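Proteins get letters first, then strands, A, B, ... in listed order; numbering begins at 1 in each. All values below were derived from every heavy atom in this structure, side-chain atoms included, with hydrogens, water molecules and symmetry-related copies excluded. What you see is a predicted model, and the numbers here were worked out from it, not measured in a lab.
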Protein chains: 2
Amino acid sequence: MMEIINKFKGKGFKLTPQRLSILKFLDGNTSHPTAEDIFKALKKTHPTVSFATVYNTVQALRDRGELQEITIDPEKKHFDPNTAPHHHIMCTACKRVEDVFADYSSALQLPENVSKNFAVSGNHVDFYGICKKCRS
Amino acid sequence: MMEIINKFKGKGFKLTPQRLSILKFLDGNTSHPTAEDIFKALKKTHPTVSFATVYNTVQALRDRGELQEITIDPEKKHFDPNTAPHHHIMCTACKRVEDVFADYSSALQLPENVSKNFAVSGNHVDFYGICKKCRS
DNA sequence: CTGCTATAATAGAATTATTCTAAATTAGTA
DNA sequence: TACTAATTTAGAATAATTCTATTATAGCAG
């Protein structure tokens with residue numbers, strides 16, 4: 001928690017109460033919240049917040065490399081404060097997203113016809129399936 | 001082309017001129033068009049079409065397993081008539097999506113704590129980078 | 001070939017996610 | 001303590017997608 005806050009001292013990032021609340025919510029959060037999830041959580045402490053505050057903060061964090069945008073869900077973006085390289089799996093029934101910690105980097109070689117045309121900056125692996133809860 | 005059309009004879013799928021036009025546009029198309037791309041192409045032959053026709057047809061094709069929805073682009077969905085398992089790379093500058101034909105299946109093993117909680121139905125690997133054109 | 005019916009097309013409204021705008025507020029510095 | 005650039009807010013705007021109600025038609029049944 002302290003680390004997160006300290007990361008934003010200086011650098012033209014103002015640590016407002018709203019942002020502090022968002023940072024607290026995100027810190028160590030592995031639930032892969034959507035903008036709406038963050039908005040709802042923030043409303044508890046700041047009933048008058050606007051969605052713009054959520055998107056502003058999310059964007060500021062993304063720009064600083066402190067928040068990852070997850071595209072696994074075709075319906076909406078999810079966010080992940082864990083910026084270490086890792087992957088995800090989504091339950092196609094309940095839409096929940098979970099982490100997959102595995103290092104596939106050495107296996108994911110691009111065919112030459114592609115690698116010669118791209119300066120690759122990253123990759124991610126998305127898995128889809130049905131979770132235990134949704135089967136029972 | 002003929003194959004595509006024949007796939008939809010019977011089965012409660014009506015082959016309307018609009019749909020035929022969409023099928024022709026998609027057949028062998030490796031450009032990963034968005035709904036808007038399809039809409040624009042369709043407008044050339046059917047100037048009065050509605051977006052609903054595009055989305056209806058896309059959904060019918062998806063339901064029949066003849067069209068894949070691509071989530072690599074955070075801004076919008078792309079579609080791919082190639083339903084054989086393969087992967088994608090997106091240029092983060094020009095947003096173009098290209099195919100990556102590589103078989104990573106044996107390498108993409110899930111860690112046990114995940115695999116024991118999911119009946120996995122599929123996966124895809126997304127690469128990001130800058131394409132040659134956008135660097136020059 | 002003709003008529004019937006379920007399916008599809010259309011225009012446009014509605015919904016959802018996200019971004020923008022302009023005015024009021026405030027964090028952090030001087 | 002005052003100032004200023006950054007932020008918040010409410011709400012409008014935009015973009016992607018879905019829905020609705022009406023009209024049209026593909027494909028089958030006779």
With sequence neighbours left out, write down each residue that passes salt bridge (Lys or Arg N to Asp or Glu O under 4.0 Å) with [X], or none if nothing qualifies.
X      : result
A:K40  : A:E36
A:R135 : none
B:K95  : none

Could you state the atom-to-atom distance from [atom1] of [X] to [atom2] of [N] in whole Å?
X     : N      : atom1 : atom2 : result
B:I22 : C:dA9  : CD1   : C1'   : 11 Å
A:N56 : C:dT26 : CG    : C1'   : 15 Å
A:F13 : D:dT4  : CZ    : P     : 24 Å
A:D73 : D:dT17 : CG    : C1'   : 14 Å
B:L23 : D:dA26 : CG    : P     : 15 Å
B:E69 : D:dT18 : CD    : C1'   : 13 Å
A:L15 : D:dT8  : CG    : C1'   : 14 Å
B:Q18 : D:dT25 : CD    : P     : 9 Å

Determine whether the aromatic ring centres of A:H88 and A:H124 lie less than 6.0 Å apart.
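No.
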Could you list all N or O pairs between the protein and nucleotides 2-5 of chain C that sit under 3.5 Å apart?
none

OP1 or OP2 of [N] less than 4.0 angstrom from a side-chain nitrogen or oxygen of [X], does that happen here?
X     : N      : value
A:T16 : D:dT8  : yes
A:T48 : D:dT9  : yes
B:R19 : D:dA26 : no

My understanding is that only residues two or more places apart in sequence, or in another chain, count here; which of them pass side chain to side chain contact (heavy atoms under 4.5 Å, CB included) with B:T57?
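Checked B:T57 against side chain to side chain contact (heavy atoms under 4.5 Å, CB included); matches are B:R19, B:I22, B:T53, B:L61.
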Could I get the full list of side-chain hydrogen bond (donor to acceptor under 3.5 Å, both in side chains) partners for B:Y55, not counting sequence neighbours?
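Applying side-chain hydrogen bond (donor to acceptor under 3.5 Å, both in side chains) to B:Y55 gives none.
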Just to be sure I understand the rule, does B:T53 reach a base, reach only the sugar-phosphate, or reach nothing, if contact means heavy atoms closer than 4.0 Å?
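Touches a base.
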Write out all pairs satisfying salt bridge (Lys or Arg N to Asp or Glu O under 4.0 Å) with one or both partners inside residues 110-129 of chain A, taking only residues at least two apart or from two chains.
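Residue pairs with at least one partner in residues 110-129 of chain A: there are none.
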All pairs passing salt bridge (Lys or Arg N to Asp or Glu O under 4.0 Å) where residues 41-63 of chain A contributes a residue, at least two apart
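Listed once each, the pairs are A:R62-A:E69.
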Kindly indicate whether the side chain of A:I38, heavy atoms from C-beta on, has any atom under 4.5 Å from the side chain of A:V58.
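Sidechains of A:V58 and A:I38: in contact.
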Would A:T71 and B:T71 count as having a side-chain donor-acceptor pair, cut-off 3.5 Å?
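No donor-acceptor contact under 3.5 Å links the two side chains.
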Among all residues two or more places apart in sequence or in another chain, which pass the ring-ring contact (aromatic ring centres under 6.0 Å, His included) test with A:F39?
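Scan of A:F39 (ring-ring contact (aromatic ring centres under 6.0 Å, His included), adjacent residues dropped) gives A:F51.
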Ring pair (Phe, Tyr, Trp, His ring centres under 6.0 Å) contacts in which one or both residues fall within residues 97-117 of chain A, not counting sequence neighbours
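Sorted pair list: A:H86-A:F101, A:H87-A:Y104.
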Check whether the side chain of B:S50 and the base of C:dA9 form a donor-acceptor pair under 3.5 Å.
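Such a pair does not exist between side chain and base.
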Which comes earlier along DNA chain C counting from the 5' end, the contact point of B:V49 or that of A:P17, where each point is its nearest nucleotide?
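Whichever sits nearer the 5' end wins; that is B:V49.
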Got a list of protein N/O to nucleotides 16-19 of chain C N/O distances below 3.5 Å?
unit_1, atom_1, unit_2, atom_2, d
C:dA17, OP1, A:K76, NZ, 3.0
C:dT18, OP1, A:K77, N, 3.4
C:dT18, OP2, A:Y55, OH, 2.5
C:dT18, O5', A:Y55, OH, 3.0

What does the inter-axis angle of the helix from C:dC1-D:dG30 to C:dA30-D:dT1 come out as, five pairs per end, nearest 10 degrees?
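Helix axis angle between the two ends: 30°.
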